[in-house]
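Here the structure is laid out as structure tokens; the discussion comes afterwards.
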There are 2 protein chains.
Amino acid sequence: MANILLVEDDPDINAAFRLALSQRGHSVAGCFLGGEGVALATEVPGPDLVVLDLMLPDLDGREVCRRIRAVSQIPIIMMTARGDDADVVLGLESGADDYVVKPVEPYLLDARIRALLRRSSLPVAPAGESDVVTSGALRLDRKSLVTSINGEAVPLTATETRLLLELSKHPGQVRSREQLLRDVWGTDYLNESRMVDASIQRLRSKVERDPSQPKIIATVRGFGYRFDLQ
Amino acid sequence: MANILLVEDDPDINAAFRLALSQRGHSVAGCFLGGEGVALATEVPGPDLVVLDLMLPDLDGREVCRRIRAVSQIPIIMMTARGDDADVVLGLESGADDYVVKPVEPYLLDARIRALLRRSSLPVAPAGESDVVTSGALRLDRKSLVTSINGEAVPLTATETRLLLELSKHPGQVRSREQLLRDVWGTDYLNESRMVDASIQRLRSKVERDPSQPKIIATVRGFGYRFDLQ
DNA sequence: CTGACTTTGTCACCAACGTGTCACAGAATT
DNA sequence: AATTCTGTGACACGTTGGTGACAAAGTCAG
């Protein structure tokens, strides 16, 4: 289903949710500290969604949320025992997409996860629970971040890898330059930049058999680029 | 802030929320029936977001939700007095993005509205499950933006794709040149222009079997054009 | 700390394509 | 028959994206 990061300091609750969400088909990574959470959520390749407890020993959940939001648009669901309306509002305003109050039934959390993933246009049910993307001769291992062509490793730079990852997260869907700028570079405003074009070109030169006739990363004139499975 | 459609049959609650959301800077339209709700949510220019009561006299709120979702990816917040977890799950599964339980503090609803709008404004390409339009031999994939006839890809330009997308959002309904200008070109005032006609013609020449006898995009003399399902 | 190397953002240029406009013909409506 | 509306083809301009060069920033070994 999805790769979920659970940030929750209570070991029992942490374990319980990891189990419950796993049973519902998700792949769950858990951590106990806010600092860890920020690191894990923003690393490459990050999870598809974050479930974030508000009460953490080191950092306030809202601070965690803000730090993640500073560099990433990843979907975030906040979770807390405090059900006060004002808390909910503060949580949402610090950048969370949804807010649930403990105790939460796992199947309810799952429903909200699905709704949010649907809205975020992430595939809710990828066919195989595989962390490897392939398109033609290209093969990208999302965990080790090793890219290879015909089994031979291709040395991609960090930016190129992020770009390819981001494109491959939405196979068959057009991604605009704005989306790519946001998700790969974390900047929102560089609309005039040719950064995306330049990096796409560098990526193509390493990955495409014939970069002038790209098969894997298609140009969709007027819209953006599209990663095509083959 | 945003144009919001409120579908709520209780006149008191309806009026109260309209007032409260207006005071928070939104522009609110209210209606009392599910049928109306579907019509208003899918017309052009539609609202930015729908707040939908579950209990309506004519249609079940979930049915309203499904009908809207059949043609639109507009953000939907469901609202109901029934706070049962199972209801929430059913609501989310019928396509809603969020679910709040009455009584709701207006500022809480506002916070959820903002969170949802923030998330929804991100993608350019709309997300969702039924993202393929077909009419006769024509097939348009809204995510990959690939148009094909009898399975063979037809290269459309950006404007042609946008035009076809816009027309196909409202199958069987006449769209005026003004509406198309606004939704495809983003201009409001070029009423004297023949741009729409010219682009319709270019689109037909690529998409219609016999452009002089158009089956997919019909001319409605004096009004505009209509996309017909077949 | 230094110098070499790699990575990355910016820029300028060009070719190709897309697109708005126009004029006129043809069709529908009155 | 007159009038209004729509289809159609031509054309020139603007936009878009590919490309290579270059400079700034980052990385790393010695």
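Predicted model, so just to flag it, every value in this text is computed and none were measured. Note on naming: letters A, B, ... go to the chains in the order of the sequence lines (proteins, then strands), and numbering restarts at 1 for each one.
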Subject >> Closest contact, heavy atoms only, A:Glu8 versus A:Met79 >> reply: OE1-CE, 3.7 Å
**OP:** Check the pair A:Arg67, A:Thr42 against side chain to side chain donor-acceptor pair (under 3.5 Å), reporting the backbone distance first and the verdict last.
**Re:** CA-CA 9 Å; A:Arg67 292 195 189 181; A:Thr42 56; over 6 Å; no
Original post:
Can you tell me how far C1' of C:dG20 sits from CG of B:Leu163, to the nearest Å?
Top reply: 14 Å
Original post:
Given C:dC17, C:dT8, C:dA28, which nucleotide is nearest the side-chain atoms of A:Arg221?
Top reply: C:dC17
Subject >> Overall bend - the helix from C:dC1-D:dG30 to C:dT30-D:dA1, comparing terminal axes fitted on five pairs, nearest 10 degrees >> reply: 40°
Original post:
Using a heavy-atom distance cut-off of less than 4.0 Å, which residues of residues 196-205 of chain B contact DNA chain D?
Top reply: B:Asp197, B:Gln201, B:Arg202, B:Arg204
Original post:
Any donor-acceptor pair under 3.5 Å joining the side chain of A:Arg194 to the base of D:dG18?
Top reply: yes
**OP:** Would you tell me if any nitrogen or oxygen in the side chain of A:Tyr225 comes within less than 4.0 Å of OP1 or OP2 on D:dT16?
**Re:** no
**OP:** Locate the shortest heavy-atom distance separating B:Glu160 from B:Leu156; write the atom from each residue and the value.
**Re:** OE1-CA, 3.5 Å
Original post:
Is the shortest side-chain N/O distance from B:Thr157 to OP1 or OP2 of C:dT19 below 4.0 Å?
Top reply: yes
Original post:
Can you check the B:Gln213 CD to D:dT6 P distance for me, whole Å?
Top reply: 17 Å
**OP:** Provide, to the nearest angstrom, the distance between the CZ atom belonging to B:Phe223 and the P atom belonging to D:dC5.
**Re:** 11 Å
Subject >> Presence of B:Thr219 side-chain N/O under 4.0 Å of D:dC5 phosphate oxygens OP1/OP2 >> reply: no
Original post:
Given D:dG18, is OP1 or OP2 found less than 4.0 Å from the side-chain N or O atoms of A:Ser212?
Top reply: no
**OP:** Please tell me which of the listed nucleotides, D:dG17, C:dT8, C:dG18, lies nearest to the side chain of A:Ala158?
**Re:** C:dT8
**OP:** Would you mind checking if A:Arg162 and A:Asp183 are paired as a salt bridge, meaning a charged N to carboxylate O distance below 4.0 Å?
**Re:** no
Original post:
Do you know the tightest heavy-atom contact between A:Gln230 and A:Ser135?
Top reply: CG-OG, 3.1 Å
Original post:
Has B:Ser193 got a side-chain N or O lying under 4.0 Å from the OP1 or OP2 atom of C:dG20?
Top reply: no
Original post:
After noting the C-alpha distance and the side-chain angles of B:Thr159 and B:Arg202, does the key distance pass the side chain to side chain donor-acceptor pair (under 3.5 Å) rule?
Top reply: CA-CA 10 Å; B:Thr159 306; B:Arg202 285 168 184 148; over 6 Å; no
**OP:** Among the candidates D:dT8, C:dC17, C:dG9, find the nucleotide nearest to the side-chain atoms of A:Trp185.
**Re:** C:dG9
Subject >> Test: B:Asp197 and B:Arg177 ion pair at under 4.0 Å >> reply: yes
Original post:
How close or far is atom P of D:dT19 from atom CE of A:Met195, stated in whole angstroms?
Top reply: 16 Å
Original post:
side chain to side chain donor-acceptor pair (under 3.5 Å) between B:His26 and B:Asp110: does it pass, once the steps are laid out?
Top reply: CA-CA 9 Å; B:His26 300 289; B:Asp110 184 40; 2.6 Å; yes
**OP:** Please confirm whether B:Arg112 makes a cation-pi placement over A:Tyr99, using NZ or CZ under 6.0 Å from the six-membered ring centre and within 45° of the ring normal.
**Re:** no
Original post:
Expressed in angstrom and rounded to an integer, what is the separation of B:Leu181 atom CG from C:dT19 atom P?
Top reply: 14 Å
Original post:
If you take all heavy atoms of A:Ala41 and A:Ile74, which pair is closest and at what distance?
Top reply: O-CD1, 4.4 Å
**OP:** Take the protein atom CD of B:Glu178 and the nucleotide atom C1' of D:dC5, then report the distance between them rounded to whole Å.
**Re:** 14 Å
Original post:
Please give, in whole Å, the distance from D:dT16 C1' to B:Arg162 CZ?
Top reply: 12 Å
Original post:
Atom CD of B:Glu208 and atom P of D:dG7: how far apart are they, to the nearest Å?
Top reply: 11 Å
